[in-house]
Amino acid sequence: MAEQSDQLYAMRHSLAHIMATAVQHLWPEAKFGVGPVVENGFYYDVDLGENTEARISEDDFKKIEAGMKQVIGADYPFERFEKPVDEAIAWAQQANQPYKEELLNDLKRSGTTVAKDLDAAELGTIAGGDAQVESVSFYKNGDFTDLCRGPHVESTGKAGAFKLMRVAGAYWRGNDQNPQMQRLYGVAFATDKELRQHLNMLEEAKKRDHRKLGQELDLFVFSDMVGSGLPMFTPRGTVLREELAAFSTQLRERYDFQKVWIPHITKKELYEASGHWAKFGDELFLVKSQETSDELVMKPMNCPHHTRIYESHPRSYRDLPLRYLETTTVYRDEKSGELGGLNRVRSITQDDSHVFCRQDQIETEINNLLAAANELYATVGMPLRVRLSYRDESDAYLGSHELWASAQEQLKNAVIANELEYFEQDGEAAFYGPKIDFMATDAIGREHQLSTVQLDFVQPERFGLEYTGEDGGKQQPVMIHCALLGSIERFLAVYIEHTAGRFPVWLAPEQVRLISVNQEEATLAFTQELRDRARELGLRLTVDNSNESVGKKIRAAELAKIPYTVVVGEKEITSREVIPRIRKDIVVQEGDRAIGVDEFLKTVANEAKARVQKTSL
RNA sequence: GCCGGCGUAGCUCAGUGGCCAGAGCGGCUGUUUUGUAAACAGCGGGUCGUGGGUUCGACUCCCUCCGCCGGCUCCA
């Protein structure tokens with residue numbers, strides 16, 4: 001997230017205020033919630049009133065923007081003034097602004113800022129912040145007055161460039177028991193040029209949308225008959241999944257992780273034991289046996305199963321660490337509105353792993369996993385930083401405070417030892433332990449949380465896992481959960497957009513395409529020979545010998561974003577040399593050079609094997 | 001789950017109460033044997049997401065369900 005300057009913050013805040021002004025002019029009965037600054041812009045929550053049918057739609061944006069421009073054109077000064085809280089409440093009542101009144105009442109009651117359910121951004125709309133709040137600030141521009149902490153720019157004319165983007169439902173104070181308001185979003189920048197750049201970036205993001213590319217490049221499909229959030233992968237998409245999973249596996253096999261396999265259903269007792277049932281029971285898919293009275297569930301995670309493998313034998317301190325690895329699918333019944341593309345699905349494939357180790361082995365194990373993650377993200381070309389996700393003071397976590405404190409400290413030490421860029425955040429932990437979340441930045445500057453390393457003192461306890469120590473006594477192992485890619489589906493969503501579908505050779509579903517100039521026997525024999533050779537080398541090579549012009553076949557190969565395309569005709573057959581056509585983003589020392597066919601294929605095979613990143617994203 | 005938008009051919013999209021619903025691309029067939037981003041011709045292809053309702057008449061208006069999109073909430 002780009003830091004915004006104080007000045008830009010004030011501009012965006014002012015624009016929220018100006019938008020409210022315009023909305024008030026158009027719908028005098030409008031009631032306002034909060035109107036904070038967010039990344040790249042601002043929003044304001046508006047309620048046009050229960051009794052009216054009126055709703056703001058995107059069709060109204062022109063009107064609202066025109067109203068805002070009018071306010072901006074008039075260049076009203078923003079006048080700041082303060083009122084005691086009680087007077088402010090009287091103002092809210094008189095102005096018929098019940099949401100503002102509620103905020104003020106909370107403010108007065110708690111003596112400090114608003115209730116916890118408002119996030120930090122929203123706090124910006126309300127005065128105060130320290131315990132001695134006695135008065136709150138208002139801003140007035142022209143005929144519109146609003147409760148607001150500010151800051152604002154001097155006058156409406158200095159608010160900068162903006163564009164309204166969308167309107168969406170949003171619960172008052174983020175609570176689904178509360179009425180739903182309409183949230184008007186706008187983006188805003190200091191200059192028209194920056195605004196245009198931002199809109200261009202959004203345009204670019206739209207072009208890279210993995211749902212669009214997934215269809216265009218024939219990677220995955222959904223079917224109404226199968227259900228929402230249940231993607232199916234085509235042969236091309238499956239290549240991506242398997243190559244990524246193989247890489248992730250290989251990175252950990254280096255550290256002696258071993259593959260295991262578990263069934264996808266289990267008795268629910270497993271999750272009652274683990275503690276997951278109580279917390280996530282309603283997200284589990286139930287599976288009923290028609291033969292017996294068994295009631296099973298689809299696994300929503302793998303760790304409890306893996307603990308069963310651990311406890312299948314008595315373990316000695318000499319056996320540890322035990323490192324299990326499995327790329328497998330879990331099933332979670334996400335609420336329908338939460339699904340979208342590959343980002344949120346109901347069948348989630350994880351490159352999951354669990355380490356069972358002694359306390360004194362934690363650091364080494366974490367270090368290994370951090371190194372593996374570093375290599376993976378370097379290979380896919382996404383810069384990493386990590387978030388140390390700690391618990392907060394709520395009671396949503398299992399395990400003692402002492403365990404948590406110790407675990408959090410060990411994670412931090414490992415991160416520092418690995419010289420990773422990091423930040424710390426409370427309240428982001430899993431309920432069973434603190435974690436290291438990897439934040440990867442994509443080619444157009446967006447940051448995504450993908451993989452995690454999580455420490456877990458809770459499940460070993462709940463499952464009664466133990467090992468025999470050096471002294472013959474029983475000890476409890478520690479579990480470390482780690483998925484490098486996270487979910488393959490979500491990783492692909494991000495990665496497809498990161499690369500815009502221009503996959504590096506090692507991942508490209510089709511690495512080389514041969515285009516035949518004609519369909520004469522000699523040509524077909526030659527392409528067949530090359531295809532056989534490519535298969536020996538483990539390359540994914542296809543032949544397009546359709547009855548079309550070379551130009552058209554080239555075009556098709558370009559649209560499919562195939563790294564290397566080779567036209568094969570009489571010349572190539574005689575010389576046994578080719579001039580590969582190289583996808584534009586791939587950086588090569590010398591392009592357009594004739595090269596012996598076998599040398600060419602070997603070079604590509606080596607490139608794939610080494611997972612070289614020659615593409616400039 | 002909630003609020004809003006949307007659903008027409010494999011894909012991208014025209015078509016808002018009235019004769020048998022259209023285009024381009026893709027597909028198929030034929031002609032052509034092609035040299036680095038689209039050869040030419042012909043032919044198929046849609047119970048207009050689903051079920052119900054209003055109407056003399058529904059792709060068009062209303063409701064149900066399914067699915068998609070943007071948010072909210074959630075995200076082990």
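Chain letters run A, B, ... following the sequence lines, proteins first, then strands; residues in each count from 1. Computed from heavy atoms alone, side chains included, the values below leave out hydrogens, waters and symmetry copies.
- The nucleotide B:U73 finds no pairing partner, because no Watson-Crick or G-U wobble arrangement with both distances shorter than 3.5 Å includes it.
- Across B:U36, B:G71, B:A76, the shortest atom-to-atom separation from the side chain of A:Leu284 is found for B:A76.
- B:C48 and B:G17 have their C1' atoms separated by 15 Å, given to the nearest Å.
- Atom CD of A:Glu283 and atom P of B:G1 are 13 Å apart (whole Å).
- Comparing B:C72, B:G35, B:A39 by their closest approach to the side chain of A:Glu548 singles out B:A39.
- Heavy atoms of A:Val550 sit under 4.0 angstrom from primed sugar atoms or phosphate atoms, though from no base atom.
- Close to B:G71, at under 4.0 Å from its OP1 or OP2, lies no side-chain N or O of A:Gln182.
- When the P atom is used for both B:G53 and B:A58, the distance is 12 Å, rounded to whole Å.
- In this structure, the side chain of A:Thr499 engages the main chain of A:Gly501 through a donor-acceptor pair within 3.5 Å.
- As a whole-Å value, the separation of A:Arg332 CZ from B:C75 P is 11 Å.
- Taken to the nearest 0.5 Å, the CH2 atom of A:Trp277 stands 9.5 Å off from the CD atom of A:Glu269.
- Between A:Lys267 and A:Glu272 no salt bridge is recorded (no basic side-chain N to carboxylate O distance below 4.0 Å).
- Rounded to whole Å, the distance from NE2 on A:His448 to P on B:C75 is 20 Å.
- Taken to the nearest 0.5 Å, the NZ atom of A:Lys571 stands 11.5 Å off from the CD atom of A:Glu577.
- Distances shorter than 4.0 Å separate none of the side-chain N or O atoms of A:Lys212 from OP1 or OP2 on B:C68.
- Closest to the A:Glu520 side chain, of the nucleotides B:U32, B:A37, B:U33, is B:U33.
- When each of B:U36, B:A76, B:G67 is scored by its nearest atom to the side-chain atoms of A:Ser228, the top-ranked nucleotide is B:G67.
- The side chain of A:Tyr171 contributes no N or O atom lying less than 4.0 Å from OP1 or OP2 of B:G4.
- If you check every strand for non-hydrogen atoms under 4.0 Å, A:Gln454 touches sugar and phosphate atoms only.
- A:Gln449 comes within 4.0 angstrom of nothing in the nucleic acid, heavy atoms only.
- Rounded to whole Å, the distance from CD on A:Glu428 to C1' on B:C74 is 12 Å.
- The base of B:G35 sits within donor-acceptor range of the side chain of A:Glu572, with an N or O pair under 3.5 Å.
- Residue A:Gln519 qualifies as enclosed at atom CD: its count of foreign heavy atoms under 6.0 Å is above 12.
- The base-pairing partner of B:U16, taking Watson-Crick or G-U wobble contacts with both distances under 3.5 Å, does not exist among the strands shown.
- Remark: P of B:C6 and CZ of A:Arg211 are 18 Å apart, rounded to the nearest angstrom.
- One atom, CD of A:Gln459, and another, P of B:A76, lie 14 Å apart when rounded to the nearest Å.
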Q: Mind running side chain to side chain contact (heavy atoms under 4.5 Å, CB included) on A:Cys482 and A:Gln454 for me, showing each step along the way?
A: CA-CA 6 Å; A:Cys482 175; A:Gln454 311 188 4; over 6 Å; no

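- By the 4.0 Å N-to-carboxylate-O rule, A:Arg236 lies close enough to A:Glu510 to be salt-bridged with it.
- For the residue pair A:Thr452/A:Asp437, the side-chain donor-acceptor check at 3.5 Å is not satisfied.
- Rounded to whole Å, the C1' atom of B:C68 lies 15 Å from the corresponding atom of B:U8.
- Side-chain proximity of A:Glu558 to B:G35, B:G71, B:A37: nearest is B:A37.
- Using atom P as the reference point in both B:C62 and B:G45, the two lie 32 Å apart (nearest Å).
- Residue contacts for A:Gly551: at a heavy-atom cut-off of 4.0 Å it reaches the sugar-phosphate backbone alone, with no base atom in range.
- Listed candidates were B:A37, B:A76, B:U12. Nearest to the side chain of A:Gln215 is B:U12.
- A:Glu497 and A:Arg446 are joined by a salt bridge, as a carboxylate oxygen and a charged side-chain nitrogen come within less than 4.0 angstrom of each other.
- As judged by a 4.0 angstrom heavy-atom cut-off over every strand, A:Gly486 is placed among residues making no nucleic acid contact.
- Listed candidates were B:G35, B:G67, B:G70. Nearest to the side chain of A:Ala168 is B:G70.
- The side chain of A:Arg581 places an N or O atom within less than 4.0 Å of a non-bridging phosphate oxygen (OP1 or OP2) of B:A37.
- Computed from coordinates, the A:Leu524 CG to B:U34 P distance equals 14 Å when rounded to whole Å.
- For A:Arg344 against B:C74, a side-chain N or O and a base N or O form a donor-acceptor pair under 3.5 Å.
- Position along RNA chain B of the nearest nucleotide to A:Lys552 versus A:Asp209 favours A:Lys552 as the more 5'-ward residue.
- Contact between the side-chain N/O atoms of A:Ser549 and the OP1/OP2 oxygens of B:A39 is found at a separation under 4.0 Å.
- Across all strands shown, B:A21 remains unpaired; no Watson-Crick or G-U wobble contact has both distances below 3.5 Å.
- With C1' as the reference atom, B:G46 and B:G22 are 11 Å apart, rounded to whole Å.
- Judged by Watson-Crick or G-U wobble contacts below 3.5 Å, the nucleotide B:G7 has B:C66 as its partner.
- With P as the reference atom, B:G4 and B:U64 are 11 Å apart, rounded to whole Å.
- Nucleic acid contact class of A:Lys571 (heavy atoms, under 4.0 Å, all strands): base.
- Taking the side chain of A:Arg555 as heavy atoms from C-beta on, and the options B:U34, B:A76, B:A38, the nearest nucleotide is B:A38.
- Of the P atoms belonging to B:C40 and B:U33, the separation is 15 Å, rounded to the nearest Å.
- Side-chain polar atoms of A:Ser353 and A:Arg252 form a donor-acceptor pair below 3.5 angstrom.
- The base-pairing partner of B:G57, taking Watson-Crick or G-U wobble contacts with both distances under 3.5 Å, does not exist among the strands shown.
- Heavy atoms of A:Lys335 sit under 4.0 angstrom from at least one base atom.
- Across all strands shown, A:Phe222 has no heavy atoms under 4.0 Å from either base or sugar-phosphate atoms.
- Nucleotide B:G42: paired with B:C28 (Watson-Crick or G-U wobble, both distances less than 3.5 Å).
- Distance check on atom P: B:C11 versus B:G30 gives 27 Å, rounded to whole Å.
- Here the P atom of nucleotide B:C2 and the CG atom of A:Leu339 are 14 Å apart, to the nearest Å.
- Of the candidate nucleotides B:U33, B:G67, B:C72, B:U33 has the atom nearest to the side chain of A:Gln519.
- Note on A:Glu334: nothing from the nucleic acid sits closer than 4.0 angstrom, heavy atoms only.
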